Amino acid sequence: MEWKILNEQMLHGGDYNPDQWLDRPDILKKDIELMKQSHVNAASVGIFAWSALEPEEGRYEFDWLEKVIDNLYNNGIYTVLATPSGARPIWMALNHPEVLRVGPDLVRNQMGGRHNHCYTSPYYRQKVWDMDKKLSENFGKHPGVILWHISNEYGGECYCPLCQQEFRNWLKKKYGTIEELNHQWWTAFWSHTYSSFDQIEPPLLRGEHSVHGLVLDWKRFVTDRTVDFCAWEKAAIRAGGSDVPVTTNLMGFYNGLNYFKFRDVLDIASWDNYPFWHTNPQDESQVAITAAATHDLMRCIKQEPFLLMESVPGVTNWHPVCRMKKPGMHELSSLQAVAHGSNSVQYFQWRKSRGSSEKFHGAVVGHDGTANTRVFREVATVGSRLKKLPEVCKTNVKPEVAIIFDWENRWALGEVQGLLNVSKEQSKNYVPTVLEHYEAFWRMGIPVDLVDMSCDFSGYKLVIAPMLYMQREGIVEKLRSFVEKGGTLVGTYWSGLVNENDLCFQSFAPYGMQDVFGLYSEEIDALYPDQRNKMVMSASGAEYELRELCDVVHVSTAQVLGTYKEDYYAGNPALTLNFFGFGQAYYLCARADQEFYKDFYEEIADDLQLERALDNAALPHNVTASLRKSDEEEIAIVQNFNPFPTTVSLENAVTDIETGEYTTHIKLEPYGIRFLLKDNVM
Amino acid sequence: MEWKILNEQMLHGGDYNPDQWLDRPDILKKDIELMKQSHVNAASVGIFAWSALEPEEGRYEFDWLEKVIDNLYNNGIYTVLATPSGARPIWMALNHPEVLRVGPDLVRNQMGGRHNHCYTSPYYRQKVWDMDKKLSENFGKHPGVILWHISNEYGGECYCPLCQQEFRNWLKKKYGTIEELNHQWWTAFWSHTYSSFDQIEPPLLRGEHSVHGLVLDWKRFVTDRTVDFCAWEKAAIRAGGSDVPVTTNLMGFYNGLNYFKFRDVLDIASWDNYPFWHTNPQDESQVAITAAATHDLMRCIKQEPFLLMESVPGVTNWHPVCRMKKPGMHELSSLQAVAHGSNSVQYFQWRKSRGSSEKFHGAVVGHDGTANTRVFREVATVGSRLKKLPEVCKTNVKPEVAIIFDWENRWALGEVQGLLNVSKEQSKNYVPTVLEHYEAFWRMGIPVDLVDMSCDFSGYKLVIAPMLYMQREGIVEKLRSFVEKGGTLVGTYWSGLVNENDLCFQSFAPYGMQDVFGLYSEEIDALYPDQRNKMVMSASGAEYELRELCDVVHVSTAQVLGTYKEDYYAGNPALTLNFFGFGQAYYLCARADQEFYKDFYEEIADDLQLERALDNAALPHNVTASLRKSDEEEIAIVQNFNPFPTTVSLENAVTDIETGEYTTHIKLEPYGIRFLLKDNVM
Amino acid sequence: MEWKILNEQMLHGGDYNPDQWLDRPDILKKDIELMKQSHVNAASVGIFAWSALEPEEGRYEFDWLEKVIDNLYNNGIYTVLATPSGARPIWMALNHPEVLRVGPDLVRNQMGGRHNHCYTSPYYRQKVWDMDKKLSENFGKHPGVILWHISNEYGGECYCPLCQQEFRNWLKKKYGTIEELNHQWWTAFWSHTYSSFDQIEPPLLRGEHSVHGLVLDWKRFVTDRTVDFCAWEKAAIRAGGSDVPVTTNLMGFYNGLNYFKFRDVLDIASWDNYPFWHTNPQDESQVAITAAATHDLMRCIKQEPFLLMESVPGVTNWHPVCRMKKPGMHELSSLQAVAHGSNSVQYFQWRKSRGSSEKFHGAVVGHDGTANTRVFREVATVGSRLKKLPEVCKTNVKPEVAIIFDWENRWALGEVQGLLNVSKEQSKNYVPTVLEHYEAFWRMGIPVDLVDMSCDFSGYKLVIAPMLYMQREGIVEKLRSFVEKGGTLVGTYWSGLVNENDLCFQSFAPYGMQDVFGLYSEEIDALYPDQRNKMVMSASGAEYELRELCDVVHVSTAQVLGTYKEDYYAGNPALTLNFFGFGQAYYLCARADQEFYKDFYEEIADDLQLERALDNAALPHNVTASLRKSDEEEIAIVQNFNPFPTTVSLENAVTDIETGEYTTHIKLEPYGIRFLLKDNVM
């Protein structure tokens with residue numbers, strides 16, 4: 001098994017497409033030379049190579065691939081071997097149109113693009129099985145092949161008759177009887193009562209969208225179908241005899257799939273990270289925080305170190321404006337991933353293609369084909385730094401704080417008709433809200449997990465559940481138990497409204513949690529984007545700005561920590577605290593400004609003595625610290641997102657892993673990042 | 001006949017969907033209890049109940065409905081009984097796809113949503129006939145049933161082959177010969193000459209839109225088809241033996257149907273009112289004025305008291321931002337309808353559904369199912385106030401002022417290519433312009449009718465015709481006669497350009513009215529949204545801002561009251577007055593600011609001694625007064641749209657109908673509204 | 001041959017649609033009378049008259065047209081005779097749906113609108129051939145017919161099976177083998193390798209867009225198909241026996257067709273000009289410059305005088321806001337065309353139609369049908385001025401400066417994924433950038449040609465090539481030779497990246513020109529719309545604002561004239577100059593502000609002693625001068641785009657052609673324009 005490699009050295013490399021250059025041995029030779037020069041030790045091969053592997057139906061050509069893998073291996077470079085299912089060859093689309101997706105308008109796509117196969121098509125499944133199994137048979141035991149890269153950035157959906165039928169089967173399995181489905185979906189509304197499962201259509205463009213339970217189940221079905229397809233590919237690989245671990249490259253907060261459902265299929269999580277640096281060069285923090293939180297989310301899928309499978313040298317070709325990364329930012333952005341648990345820095349792409357839509361996407365090697373570029377040199381620097389960090393591979397991130405981010409809740413919030421229809425597409429700003437809570441901890445250098453309702457909360461000191469509109473089965477019991485046993489819970493407005501099928505509870509909100517929070521919500525006001533209210537803190541008189549949603553609650557046992565200042569609910573509670581069992585539960589009634597989250601969570605962090613990456617260190621503005629640890633070691637990673645140098649002063653000296661320097665004064669270059677071994681661990 | 005009830009007591013109630021709770025007798029029992037508690041005396045039942053009434057084709061289940069109606073009646077609550085044609089059951093869509101609408105792209109809808117039946121489908125018509133007739137036979141003579149609520153918010157259009165054929169028949173009936181159609185539509189332009197009626201297609205998405213006469217006739221056809229469908233439903237009810245009056249709930253300024261064409265089908269007009277309160281909490285007047293004008297428009301369809309069929313307790317679920325109504329606003333908003341002629345306050349909806357798209361739409365009873373909410377208490381207050389106002393039912397609103405708002409003119413303005421294409425979708429701001437004229441009277445407390453070109457103007461002192469671009473048959477004669485006999489007419493720029501088929505008159509504008517206004521228009525300039533001109537008043541030197549459209553006119557007999565200040569037409573007339581017969585006609589050359597309308601109409605109101613709701617009372621800012629009267633009584637209704645208290649001082653004392661107070665000092669609460677019986681009537 | 005007429009007198013007239021008034025002899029008679037009154041000498045007839053010419057299939061009615069042409073001729077008015085292919089009669093669409101275009105979604109249009117025929121349909125081609133040939137036979141030798149107006153504003157595309165097959169044939173002819181196509185399109189990317197030409201589909205809505213070579217070739221094919229259709233119509237005319245010259249009315253910078261490909265088909269270029277005057281009445285210069293550049297572009301198609309085929313009296317009906325032209329602007333706008341090489345001022349339209357979509361489009365004669373309007377009088381004034389300018393017809397515009405504007409480069413820039421995706425639709429602001437360079441010369445009164453890469457540069461002193469991203473075959477050699485032989489070249493950032501099939505060069509940019517410019521570009525940064533950099537001039541210290549794209553270059557032999565002030569490339573070259581052969585080449589690294597272009601080109605103009613329309617004259621702000629000349633004469637045309645009068649002082653006296661005044665002080669009315677015969681020519 002190749003797990004060992006993944007745990008012993010940082011991978012450095014990226015997507016490599018020799019299939020575009022098979023007529024250019026000079027280029028292929030130059031690639032190896034430049035890879036060595038840039039400290040690359042892993043190349044992802046074959047991702048879109050189906051045309052080269054099977055140029056016409058049934059005729060397989062694997063020789064070129066064998067040569068590539070051998071050649072890489074002989075030069076000390078591992079292969080991350082892809083299954084090519086992300087893009088079909090043209091002959092397949094023409095001979096078997098059933099592989100082409102059908103849209104919600106019931107029109108079948110033409111051939112073109114990528115990521116556009118029907119995941120139900122028996123023919124496509126068979127062809128993928130054959131291809132993957134053959135790849136496994138041929139290369140699955142090659143010593144150079146250390147990881148399977150299944151397909152590429154799974155996504156999208158298909159409404160063809162085959163997928164529709166699978167959806168009906170899925171519903172039948174879930175609900176058992178049509179009566180139960182009618183009840184959960186509340187179809188009596190507008191006379192949408194179904195007589196049988198056969199009558200059900202997915203949410204077609206010009207069909208049914210008013211039944212939210214239907215829309216929600218369709219999204220769940222899409223995830224399950226995709227996970228099933230991924231499992232199918234994995235099974236083909238295993239059938240071919242390879243037991244090399246598998247991954248697929250995910251896409252962070254991508255809305256189309258509930259990534260937590262990939263937990264059991266993947267051996268290791270990996271993802272593609274493309275932050276929008278320099279949108280605001282004066283303050284990179286919002287970009288940095290989003291990237292940090294996404295790394296944490298991706299890590300939480302397996303709760304183990306992950307791989308940064310793609311990132312860009314230079315700049316992408318699809319950002320609205322493609323700003324080059326300024327000097328230093330490539331190192332910081334790459335190693336930030338490692339700080340949050342990645343055991344690799346990999347790129348899309350090794351070499352720019354000469355044509356087609358991604359020819360100007362950043363790459364290690366440009367059209368000039370040389371090492372004489374800033375981009376190449378910065379990549380080489382990252383490579384040389386990664387070589388010095390093998391011990392980081394053995395550590396993981398183990399936070400005491402969890403924020404609940406749940407895809408199904410997000411989808412449900414996106415379907416809600418009401419409150420803030422202006423931000424319907426943004427699921428009522430659910431993700432930005434989650435990130436606002438996250439930011440407070442990032443600025444304190446406190447590690448955080450991003451988990452969904454299916455996860456285990458028992459190990460945390462603090463659980464934060466912003467806008468927990470939907471309560472999936474078991475979550476109420478888990479949260480109650482968490483608080484009862486001594487945990488601290490932060491809940492907010494617009495929580496506890498519906499069950500997992502979007503069926504309203506017959507109760508004031510938050511359902512099942514009123515005694516935990518010591519209050520109930522009677523009504524909720526929504527504010528126009530330019531309207532504001534304020535919270536006045538009862539103890540200090542401090543004021544914070546409130547916006548978007550304002551819950552009007554009635555307290556029973558809760559104590560009021562802050563009140564509204566304005567509108568007809570002026571004087572009503574805006575922040576409360578309730579003791580329940582051995583624990584405590586805060587309730588925040590409205591979306592607050594960042595100043596509030598900062599003050600609020602700093603106080604909680606002190607109260608709960610939450611572990612910080614750097615104890616007692618005052619972190620300068622836009623400087624953060626992450627923490628990776630094993631049973632033996634604790635490594636703090638300090639990151640300066642400012643375009644100027646700064647210094648962090650510590651109480652206890654630490655050892656810089658790369659330089660060996662032992663110091664309490666951590667100097668950071670502009671966009672500097674340092675890996676520091678802490679003394680204070682047994 | 002049940003007319004008596006409608007004239008003797010204010011209805012209070014709303015949409016009630018027991019069909020969603022047939023398995024919950026506890027809920028149905030609780031409903032009755034809460035209805036009594038909130039002074040509800042009318043429930044609208046069965047609006048979307050087709051699935052419950054006919055669960056499969058031909059199997060009718062009316063027992064539950066009978067129990068509901070009986071139960072309501074036994075508890076003193078009347079039933080407004082709906083025909084369920086607003087939403088089909090699913091079996092019908094699947095078994096008879098012809099009932100599904102076809103879009104302008106010639107694609108047939110899937111099942112889903114509501115309000116989506118083809119109004120031509122013989123099968124659908126037959127099924128509706130059967131259903132309505134059976135409902136009539138079963139419940140049409142029930143003493144509890146006082147009104148038929150036909151279908152729900154008719155709207156939309158269908159381009160299926162059946163509807164297309166009906167359209168061709170309609171055209172043949174209208175034009176007689178294809179030559180006449182070719183002439184009226186001016187089809188020689190771009191070689192669009194038709195050889196026969198069979199060649200005509202409606203304005204399909206990728207078909208013909210350049211022939212404005214075609215587009216206009218299609219819109220007329222859609223109205224006529226819809227009215228015909230409504231008449232069909234009424235006939236089924238009558239065939240079933242019921243002579244209870246019928247209504248259908250309209251939607252105010254809805255652009256899709258010419259509501260004046262429903263005049264002869266409906267026994268009473270009703271509509272659904274959802275104002276956007278608190279968009280700007282500092283000044284509610286624009287929302288209040290829009291609501292007021294819409295009530296007046298809906299009243300003018302029958303020129304009799306109407307019903308407020310739907311309104312929201314709390315807040316809707318479809319406003320861009322769903323602000324809760326602040327305390328007091330629910331009373332004001334509800335009784336504002338009564339002030340303008342409504343004999344009811346009814347809600348959508350009685351109880352929130354547990355699922356589907358409207359589950360968060362405001363309701364009297366929330367998901368908590370209790371009376372312990374602000375919303376419930378405010379509804380109950382409205383109910384108790386309505387009980388004190390039975391004599392208001394016997395009065396009507398009888399203005400001396402009419403503003404012409406004409407749907408066909410609006411459609412034609414919407415099709416005009418030219419002038420202000422930036423506001424094409426808004427019909428060149430026709431509705432806002434109408435409301436600007438209206439606002440001046442609202443602020444003076446002078447009642448206004450909103451009528452279309454088909455109405456009778458002979459009873460008014462003042463008729464205002466903004467942007468009368470299209471002159472439908474007979475309007476020129478009616479307006480000429482109105483002025484000749486002593487009436488005062490206000491006309492404006494962009495009037496008298498085309499006949500009812502959008503065929504240009506071969507004349508300078510305004511066609512047929514040049515002697516009435518004493519001028520003609522040579523050309524018209526359009527201004528960009530940020531550009532302005534000014535009007536200088538000849539007498540006072542006062543200046544007003546002008547925008548959008550600037551008519552360049554030449555006067556013959558008219559006197560010039562104001563001139564342009566800027567641009568190449570500086571010094572040209574901007575406002576004129578002409579005497580014609582025993583009357584007079586003003587002509588306004590450009591869209592003016594509100595200050596102008598205020599000063600202009602105040603002077604006219606004094607000149608013509610227009611009747612005000614409160615004689616000689618100075619109304620505070622954002623306070624208005626309405627007037628309802630009968631032969632015996634005059635009731636002034638004063639409304640304070642400010643969030644603070646205010647007082648109105650009168651010359652003559654009045655009696656508060658609810659409290660009996662007799663006073664000249666009318667104190668108004670924040671959002672307060674009072675019904676005052678005037679002394680000065682015989 | 002009728003060329004003589006076109007070279008001897010200015011045409012004045014426009015689109016005339018007697019086919020809409022065949023039942024109104026009074027109108028037709030009045031037309032002649034009014035034409036004479038407005039000095040009209042040319043009427044464009046029959047443009048959309050197919051319905052009138054062939055009311056049903058095979059039945060031709062030409063009598064009315066004969067009468068119209070005779071009548072015009074007998075009254076001294078020439079006919080510009082149109083082929084009616086721009087709009088089909090309805091019977092043709094119904095009987096032969098193949099004539100209807102198919103969209104990129106593979107849906108066939110319904111009948112309606114215009115400009116919507118499939119240009120491949122054999123039936124349509126046959127019908128057009130028959131019609132055009134018959135028109136030629138009947139009227140092609142009529143002494144009144146001086147020009148053929150083929151079709152109208154060709155544009156759009158069709159994706160029907162017939163067109164798809166033609167596209168495949170076109171590709172086969174271009175590439176020869178599928179291997180070569182695969183290489184040039186780089187189809188190995190995403191496994192899009194084609195096995196045969198039969199597999200290729202055009203860029204369908206839901207098909208292939210990622211292969212830029214495909215998209216680009218489709219656009220080229222569309223141009224070639226359209227040119228082929230135009231040639232087909234010309235051939236039909238010639239087959240009918242007429243040798244009268246042909247034109248078709250083009251649309252300036254229209255993105256859909258590469259107009260330079262019409263060079264060989266048309267005998268004379270003509271176009272339709274509709275500037276957006278008075279968008280900003282304080283400064284008309286941007287509108288004036290756009291119009292000026294477009295005239296120059298249209299002239300360069302044939303490098304000979306052209307015709308202004310359409311323009312509007314009054315105002316169009318399709319501008320977002322339709323501002324009337326202020327007094328004087330109609331003369332200026334009309335004669336500006338003449339200043340840039342037009343030998344006509346023609347209008348759309350003579351008389352407003354009574355109905356349909358263009359009924360409010362400006363016309364010489366309005367719905368009133370009289371001469372008593374400002375618009376009519378201004379048209380008549382233009383007519384009387386044109387009569388005095390016959391000698392201008394014999395001159396042409398002969399610039400020393402050329403700016404390269406290339407449609408294929410524009411298309412390629414529009415397809416580029418990367419850099420500035422926010423302005424992707426605007427081809428990365430290619431056209432505005434070209435106009436910024438142009439503006440500097442317009443303000444100096446220096447004539448400019450706008451040419452594409454297929455043109456001959458050898459006659460120019462200065463060639464400017466903004467954003468020459470694509471290098472079509474031969475351009476590198478032409479530019480190298482141009483500089484080598486002594487020419488001055490200005491190149492910019494984002495040049496020399498790809499070959500004509502959008503295949504990247506394997507080189508730093510600019511490909512093949514690094515020795516010419518003495519530098520190469522390593523990378524390019526893109527700025528958000530609100531971000532700026534600055535250029536500091538090495539010599540003067542002057543600073544200019546830079547934006548959008550910032551090239552980071554390395555100089556070899558070039559000298560640095562200016563450097564970046566900010567960001568990580570501060571101090572790097574921003575403007576360079578290199579001597580090469582007998583010439584020199586500037587390289588501008590970023591998009592600059594207008595101040596830069598002004599200073600930069602003023603210095604170059606002095607250095608190269610570029611010819612100005614008015615030597616040594618200081619042109620007031622927003623005043624420009626154009627130059628037309630023959631071997632015998634030089635005529636300067638001074639144009640004042642200010643709404644106030646101004647004066648231009650000259651060193652040498654000139655003669656006003658219209659008034660005979662001989663003076664050095666040129667007084668200009670607001671929006672004034674004067675034609676001045678210069679003395680200083682042999």
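Within every chain, numbering begins at 1; the chains are lettered A, B, ... in the order of the sequence lines, protein sequences first and strands thereafter. As a basis for the values below, the full set of heavy atoms in this structure was taken, side chains included, without hydrogen atoms, waters or symmetry mates. Quick caveat, the model's predicted, so the values are computed rather than measured.
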| field | Which portion of B/Val315 sits near chain A, non-hydrogen atoms under 4.5 angstrom | value | neither
| task | Run the ring-centre check on B/His278 versus A/Tyr568 and record whether the distance is less than 6.0 Å. | result | no
| What closest approach, in Å, do A/Glu523 and B/Val375 show between heavy atoms, and which atom pair accounts for it? | OE1-CG2, 4.2 Å
| query | Does any heavy atom of chain B fall under 4.5 Å from the side chain of A/Leu106, the backbone, both, or neither of them? | reply | side chain
| task | Find out whether the Lys NZ or Arg CZ of B/Lys134 is both under 6.0 angstrom from the six-membered ring centre of B/Tyr60 and within 45° of the ring's axis. | result | yes
| remark: From the list A/Gly213, A/Ala188, A/Gly418, A/Ala526, the residue making the most non-hydrogen contacts under 4.5 Å with chain B is A/Ala526
| field | A/Val498, part contacting chain B, at a heavy-atom distance under 4.5 Å | value | side chain
| field | Interchain contact, A/Phe505 with chain B, by part (heavy-atom threshold 4.5 Å) | value | backbone
| task | Taking atom NZ of B/Lys326 as the centre, report whether more than 12 heavy atoms of other residues, nucleotides or ligands fall under 6.0 Å from it. | result | yes
| task | Kindly say whether the aromatic ring centers of B/His330 and B/Tyr347 come within a distance under 6.0 Å. | result | yes
| said: Is A/Asp530 in contact with chain B via its backbone, its side chain, both, or neither, using a 4.5 Å heavy-atom distance? | reply: neither
| task | Mind ranking B/Asn17, B/Asp19, B/Thr279 by heavy-atom pairs under 4.5 Å with chain A and telling me who comes out on top? | result | B/Thr279
| said: Does this structure show an ion pair linking A/Asp217 with A/Arg220, if we count only N-O contacts that are shorter than 4.0 Å? | reply: yes
| Side chain / backbone / both / neither for A/Val416 at chain B, heavy atoms under 4.5 Å | side chain
| message | I need the residue from B/Ser353, B/Gly362, B/Pro89 with the largest number of non-hydrogen atom pairs under 4.5 Å to chain A. | response | B/Ser353
| Heavy-atom proximity to chain B below 4.5 Å, by part of A/Ser507 | backbone
| request: With a 4.5 angstrom heavy-atom cut-off, could you sort out which part of A/His209 is near chain B: side chain, backbone, both or neither? | output: neither
| said: Heavy-atom count check: over 12 atoms from other residues, nucleotides or ligands less than 6.0 Å from B/Tyr124 OH? | reply: yes
| With a 4.5 angstrom heavy-atom cut-off, which part of A/Gln184 approaches chain B: side chain, backbone, both or neither? | neither
| note | The interface call for A/Leu214 against chain B, heavy-atom contacts under 4.5 Å, is neither
| query | Which of parallel (below 30°), tilted (30 to 60°) and perpendicular (above 60°) describes A/Phe221 and A/Phe167? | reply | tilted
| query | Within a radius of less than 6.0 Å around CD of B/Glu98, do more than 12 heavy atoms belonging to other residues, nucleotides or ligands occur? | reply | yes
| Side chain, backbone, both or neither: which part of A/Leu204 has a non-hydrogen atom closer than 4.5 Å to chain B? | side chain
| request: Check each atom of B/Arg374 against the heavy atoms of chain A and say whether the ones under 4.5 Å are side chain, backbone, both or neither. | output: both
| Where on B/Asn95 is there a heavy atom nearer than 4.5 Å to chain A: the side chain, the backbone, both, or neither? | neither
| said: Taking the ring of B/Phe360 and the ring of A/Trp494, is the distance between their centroids below 6.0 Å? | reply: yes
| query | Would you say the side chains of A/Tyr587 and A/Asp551 form a donor-acceptor pair under 3.5 Å? | reply | yes
| said: Report which part of A/His554 has an atom under 4.5 Å of a heavy atom belonging to chain B: side chain, backbone, both, or neither. | reply: neither
| request: For B/Arg88 and B/Asn116, indicate whether the former's side chain and the latter's backbone hold a donor-acceptor pair under 3.5 Å. | output: yes
| field | B/Phe376 versus chain A, the contacting section by heavy-atom distance below 4.5 Å | value | neither
| field | Aromatic ring proximity A/Tyr159/A/Trp218, centre distance under 6.0 Å | value | yes
| query | Which residue out of B/Ala87, B/Gly314, B/Pro320 racks up the most heavy-atom pairs below 4.5 Å with chain A? | reply | B/Pro320
| field | Contact origin within B/Ile90 toward chain A - heavy atom pairs under 4.5 Å | value | both
| task | Tell me, for A/Glu522 versus chain B, whether the close heavy atoms (under 4.5 Å) come from the side chain, the backbone, both or neither. | result | side chain
| message | Is B/Glu358 in contact with chain A via its backbone, its side chain, both, or neither, using a 4.5 Å heavy-atom distance? | response | both
| query | Side chain, backbone, both or neither: which part of A/Trp190 has a non-hydrogen atom closer than 4.5 Å to chain B? | reply | both
| request: Please flag which part of B/His361 lies under 4.5 Å from any non-hydrogen atom of chain A: side chain, backbone, both or neither. | output: neither
